[in-house]
> 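Provided herewith is a single structure, encoded as structure tokens, for subsequent inquiry.
Below, chain A is the first sequence line, B the second, and so on; all start at residue 1. Everything numeric here is computed off the predicted structure, so don't read it as measured data.
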Number of protein chains: 2
Amino acid sequence: MLTIGELGRATETGVETIRYYERIGLLPRPSRTGGNYRAYGEADLGRLSFIRRARALGFPLDRVRALLSLSDDRGRDCATIDLLAREHLAEVERKIADLAALRRELAAMIDSCGGGTVAQCRIVEALGPARRD
Amino acid sequence: MLTIGELGRATETGVETIRYYERIGLLPRPSRTGGNYRAYGEADLGRLSFIRRARALGFPLDRVRALLSLSDDRGRDCATIDLLAREHLAEVERKIADLAALRRELAAMIDSCGGGTVAQCRIVEALGPARRD
DNA sequence: ATGCACCCTGTAGCAGCTACAGGGTCAAGA
DNA sequence: TCTTGACCCTGTAGCTGCTACAGGGTGCAT
């Protein structure tokens, strides 16, 4: 039997976050003690660990939900899970590419700044409106 | 004179977004027509262009605000602007590194999946709780 | 009995928009 | 002139994924 605080420490999750997961239906409502405290068991620990690892890998909560329901069905073909993971990987790669493009632009902008006053600053100029001289 | 819709098309910004920027004080309140429509001028176009370019480069709104007030002071030394841009670049680089680590983990997880049922799936296993066999 | 750490519910806040609901305005066409 | 339709107005609520209260109750040690 774990209290919410113990479960939180075991999974590196804030107490409020656990209650939030319960509220949105990601964690089942646990049984309660006489004093109305939430009482968690091993299954809850497993489920929350799963959620936290998936989150740490960047899966959004709705994908975590999908992964959870897929993985509950132990006899099913795991192709769908593989697909979800691949889709997520593709998204991560897209984000990396976007950020790399951003980095190039930022670096070029910073390089162009030769100091001086704001009026002469290339950074400000680069951010300003397209001028039709 | 531009209506809010025209300004939006000129800067690729949604009308609601422009009103939002006004609400949070990023854009000044424009004058109004007889019919109470917002009436924008060249200065507004310039300012909104600046905001949108900075946003496209990933600057959060509070940094955009700082950049705007710095760049209003044309005679000032542009070192602070340069610093803000460099800080932002550093953040982008940190994000790229984080995502690259994520990508490695995801790719390794996906590689390990040899198909079969969910019960055998390495992805599910990798996400599951640490087992003390 | 008293203090303290923990637990409870419910609500509001963060970024940065986006999407209504429920109206008013304006120009063009019949 | 009337009507249609595209636009505009305000105000408020929703999105993600938490996080932070306020205002209470519980449980254990001293």
> Counting heavy atoms not belonging to B:Arg29, are there more than 12 under 6.0 Å from its CZ?
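Result for CZ/B:Arg29: open.
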> For B:Thr33, which contact category applies under a 4.0 Å heavy-atom criterion: base, sugar-phosphate, or nothing?
nothing
> Would A:Arg52 and A:Thr11 satisfy side-chain hydrogen bond (donor to acceptor under 3.5 Å, both in side chains), going step by step from the backbone distance to the final call?
CA-CA 7 Å; A:Arg52 296 302 282 179; A:Thr11 57; 5.7 Å; no
> Indicate, with yes or no, if A:Leu48 and A:Leu67 share a hydrophobic cluster defined by side-chain heavy-atom contacts under 4.5 Å among Ile, Leu, Val, Met, Phe, Trp and Tyr.
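Yes, one cluster joins them.
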> Would you say D:dC18 has OP1 or OP2 under 4.0 Å from some side-chain N or O of A:Tyr21?
yes
> Just how far, in rounded Å, is C1' of C:dT9 from CZ of A:Arg29?
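Rounded to whole Å, this separation is 12 Å.
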> Give me the distances for all protein-to-nucleotides 19-23 of chain C N/O pairs that come in under 3.5 Å?
{"unit_1": "C:dC20", "atom_1": "N4", "unit_2": "B:Glu16", "atom_2": "OE2", "d": "3.4"}

> Verify salt bridge (Lys or Arg N to Asp or Glu O under 4.0 Å) between B:Asp82 and B:Arg86, making sure each step is shown before the conclusion.
CA-CA 6 Å; B:Asp82 192 64; B:Arg86 279 176 200 282; 2.7 Å; yes
> Would you mind reading off the distance between A:Leu27 atom CG and D:dG17 atom P, rounded to a whole angstrom?
15 Å
> Whole Å only: how far is the CZ atom of B:Arg9 from the C1' atom of D:dC8?
12 Å
> Find every protein N or O atom lying less than 3.5 Å from an N or O atom of nucleotides 3-6 of chain D, and list the pairs.
none

> Take atom CZ of B:Arg65 and atom P of C:dG16, then tell me their distance rounded to the nearest Å.
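Atom CZ in B:Arg65 sits about 10 Å away from atom P in C:dG16.
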> Nearest to the side chain of A:Arg32, heavy atoms from C-beta on, is which of D:dC8, C:dC8, C:dG16?
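The answer is C:dC8.
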> Return the OG to CG distance between A:Ser49 and A:Leu7, rounded to the nearest 0.5 Å.
8.0 Å
> Between B:Ile4 (CD1) and C:dG24 (C1'), how many Å, whole number?
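The distance from CD1 of B:Ile4 to C1' of C:dG24 comes to 15 Å, rounded to the nearest Å.
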> Using whole Å, what does the distance between atom P of nucleotide D:dC9 and atom OH of B:Tyr40 come to?
7 Å
> Pick base, sugar-phosphate or nothing for A:Ile24, based on heavy-atom distances below 4.0 Å to the nucleic acid.
nothing
> Working to the nearest 0.5 angstrom, can you tell me the gap between B:Phe59 CZ and B:Arg65 CZ?
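It comes to 15.5 Å.
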> Any idea which heavy atoms bring B:Ala39 and B:Thr33 closest together, and the distance?
CB-CG2, 4.2 Å
> Closer to the 5' end of DNA chain D via nearest nucleotide, is it A:Arg52 or B:Glu6?
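Here B:Glu6 is the residue nearer the 5' end.
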> How many whole angstroms separate atom CD of A:Glu22 from atom C1' of D:dT19?
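Roughly 17 Å, once rounded to whole Å.
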> If each of B:Gly14 and A:Ala39 is mapped to the nucleotide of DNA chain C with the nearest heavy atom, which maps nearer the 5' terminus, i.e. the 5' end?
A:Ala39
> Would you mind reading off the distance between A:Tyr20 atom OH and C:dC14 atom C1', rounded to a whole angstrom?
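For the pair A:Tyr20 OH and C:dC14 C1', the rounded distance is 13 Å.
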> Do the charged groups of A:Asp72 and A:Arg47 touch, with an N to O distance under 4.0 Å?
yes
> Working to the nearest 0.5 Å, report the span between CZ of A:Arg38 and OG of A:Ser31.
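Between A:Arg38 CZ and A:Ser31 OG, I get 11.0 Å after rounding to 0.5 Å.
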> Nearest heavy-atom pair of B:Ala85 and A:Ile123: which atoms, and what distance?
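Result for this residue pair: CB-CD1, 4.2 Å.
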> Closer than 4.0 Å, any side-chain N/O of A:Arg38 to the OP1 or OP2 of C:dC8?
yes
> In terms of the nearest nucleotide of DNA chain C, which residue is placed more toward the 5' end: B:Phe59 or B:Asn36?
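Here B:Phe59 is the residue nearer the 5' end.
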> Check the hydrophobic clustering (I, L, V, M, F, W, Y; side-chain heavy atoms under 4.5 Å; chains of links allowed) and say if A:Leu61 and A:Leu27 are grouped together.
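Yes, same cluster.
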> Taking only side-chain N and O atoms of A:Thr17, does any of them lie within less than 4.0 angstrom of OP1 or OP2 on D:dC18?
no
> Please list, by residue number, the residues of residues 86-94 of chain A whose heavy atoms come closer than 4.0 Å to an atom of DNA chain D; answer none if no residue qualifies.
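DNA chain D contact set from residues 86-94 of chain A: none.
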> Please indicate whether B:Glu6 has more than 12 foreign heavy atoms, meaning atoms of other residues, nucleotides or ligands, lying under 6.0 Å from its CD.
yes
